[in-house]
Protein chains: 2
Amino acid sequence: MNKEYTAEQEQIARFAKAMGHPARMAILEFLAKQECCFFGDIHEELPIAKATVSQHLKELKDAGLIQGEIETPKVKYCINRENWETASKLFAKFFGQCAWGKKTCCG
Amino acid sequence: MNKEYTAEQEQIARFAKAMGHPARMAILEFLAKQECCFFGDIHEELPIAKATVSQHLKELKDAGLIQGEIETPKVKYCINRENWETASKLFAKFFGQCAWGKKTCCG
DNA sequence: CAAATTGTTCGCAAATTTACGAACGATATG
DNA sequence: CATATCGTTCGTAAATTTGCGAACAATTTG
């Protein structure tokens with residue numbers, strides 16, 4: 001029972017947690033593929049109620065992976081590119097740190 | 001309320017979920033850096049009780065990211081390299097799929 | 001055999017997550 | 001003004017997660 005967690009561990013865990021549900025992965029993939037889109041488009045893609053979609057979007061927004069913007073009467077969502085890049089690098093670094101040689105992994 | 005999730009979305013979500021806690025990230029980093037080690041070594045690294053460590057290890061094992069092996073009287077844990085590689089590729093693919101040009105992201 | 005070491009499992013409590021329908025606010029339309 | 005559309009928020013229920021200490025099993029040591 002010693003050390004605390006590093007800020008980087010907390011950060012990547014936050015990103016990972018946000019990605020830790022199929023609905024949220026589906027949302028992220030959908031957004032990543034097409035610049036931006038509206039809530040309704042996302043809802044159509046998913047097998048869950050709109051209230052639940054809204055909740056998942058909030059979590060992704062809180063994690064910093066997406067951002068939303070009101071475009072009356074709709075709401076437009078898109079990837080938060082800056083944080084997406086941050087996450088991308090964090091995960092790449094994480095998976096690249098293995099100590100057993102680059103041949104069998106991370107290649 | 002339409003489509004279901006793809007197998008790949010489910011898989012990456014499973015990996016991400018397992019990584020979605022700082023303690024589990026710390027465990028993975030610790031293991032990735034040093035081939036293998038014993039339960040006690042992992043426990044020493046973390047600010048949580050052994051029962052909780054054991055639980056986190058079980059989740060990582062269930063997700064396929066690590067594997068354990070009894071080496072009486074200790075238990076040796078290490079990264080599951082095959083699945084680590086699978087995960088590495090899945091995440092790389094995921095973050096690389098953005099549609100807004102490679103210059104501003106994923107580079 | 002008694003005692004110590006190592007880690008898992010059990011039982012429990014508190015917090016969080018997931019999901020839904022209903023109600024709601026805001027704006028546009030008839 | 002009444003209606004329809006769009007999406008969030010509220011309230012609730014069920015399931016899962018997180019964490020701990022105590023008990024436990026298996027082996028080794030005295």
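Each chain gets a letter, A, B and so on, in the order the sequences are listed, and its residues count up from 1.
Proximity of A/K50 to the phosphate of D/dT9: no side-chain N or O atom is located under 4.0 Å from OP1 or OP2. Within the 4.0 Å cut-off from OP1 or OP2 of D/dC6, not a single side-chain nitrogen or oxygen of A/Y77 is found. OP1 and OP2 of D/dG19 both lie 4.0 Å or more from every side-chain N or O belonging to B/T52.
Comparing A/P73 and B/A23, the nucleotide of DNA chain D nearest to each residue sits closer to the 5' end for A/P73.
For B/T72, the side-chain atoms get nearest to D/dT27 when compared with the rest of C/dT18, D/dT27, C/dG7. The side chain of B/Q55 approaches D/dC20 more closely than any other nucleotide in the set D/dC20, C/dG21, C/dT8. Taking only side-chain atoms of A/A51, from C-beta outward, the nucleotide of C/dG7, D/dG21, C/dA22 with the closest atom is C/dA22. Set against D/dG7, C/dT8, C/dA19, the side chain of A/H56 has C/dA19 as its closest nucleotide. For B/A49, the listed nucleotide lying nearest its side chain is D/dC20; candidates were D/dT8, C/dT9, D/dC20. With D/dG21, C/dG7, D/dC6 as the choices, the nucleotide that has an atom nearest any side-chain atom of A/K74 turns out to be D/dC6.
Surrounding CD of A/E82 are at most 12 heavy atoms belonging to other residues, nucleotides or ligands under 6.0 Å away.
Between B/H43 atom NE2 and C/dG7 atom P there is a gap of 10 Å when expressed in whole angstrom units. Residue B/M19 contributes atom CE, which lies 14 Å from atom P of D/dT18 at whole-angstrom precision. Straight-line distance from the CZ atom of B/R14 to the P atom of D/dT17: 13 Å, rounded to whole Å. Atom CG in B/L60 sits about 12 Å away from atom P in C/dT8, given to the nearest Å. Between A/F39 atom CZ and D/dT9 atom P there is a gap of 11 Å when expressed in whole angstrom units. As rounded to whole Å, 15 Å separates atom C1' of D/dG21 from atom CD1 of B/I48. Straight-line distance from the NE2 atom of A/H21 to the P atom of D/dA15: 15 Å, rounded to whole Å. Regarding B/E59, its CD atom lies at a distance of 6 Å from the P atom of D/dT17, rounded to whole Å.
The aromatic rings of A/F39 and A/H43 sit tilted, their planes meeting at an angle between 30° and 60°.
Donor-acceptor pairing under 3.5 Å is recorded for the side chains of A/Q9 and B/E29.
Heavy atoms of A/K17 sit under 4.0 angstrom from primed sugar atoms or phosphate atoms, though from no base atom.
Ring centers of A/W84 and B/F94: under 6.0 Å apart, within the cut-off. Taking the six-membered ring for Trp, B/F38 and B/Y77 have ring centres at least 6.0 Å apart.
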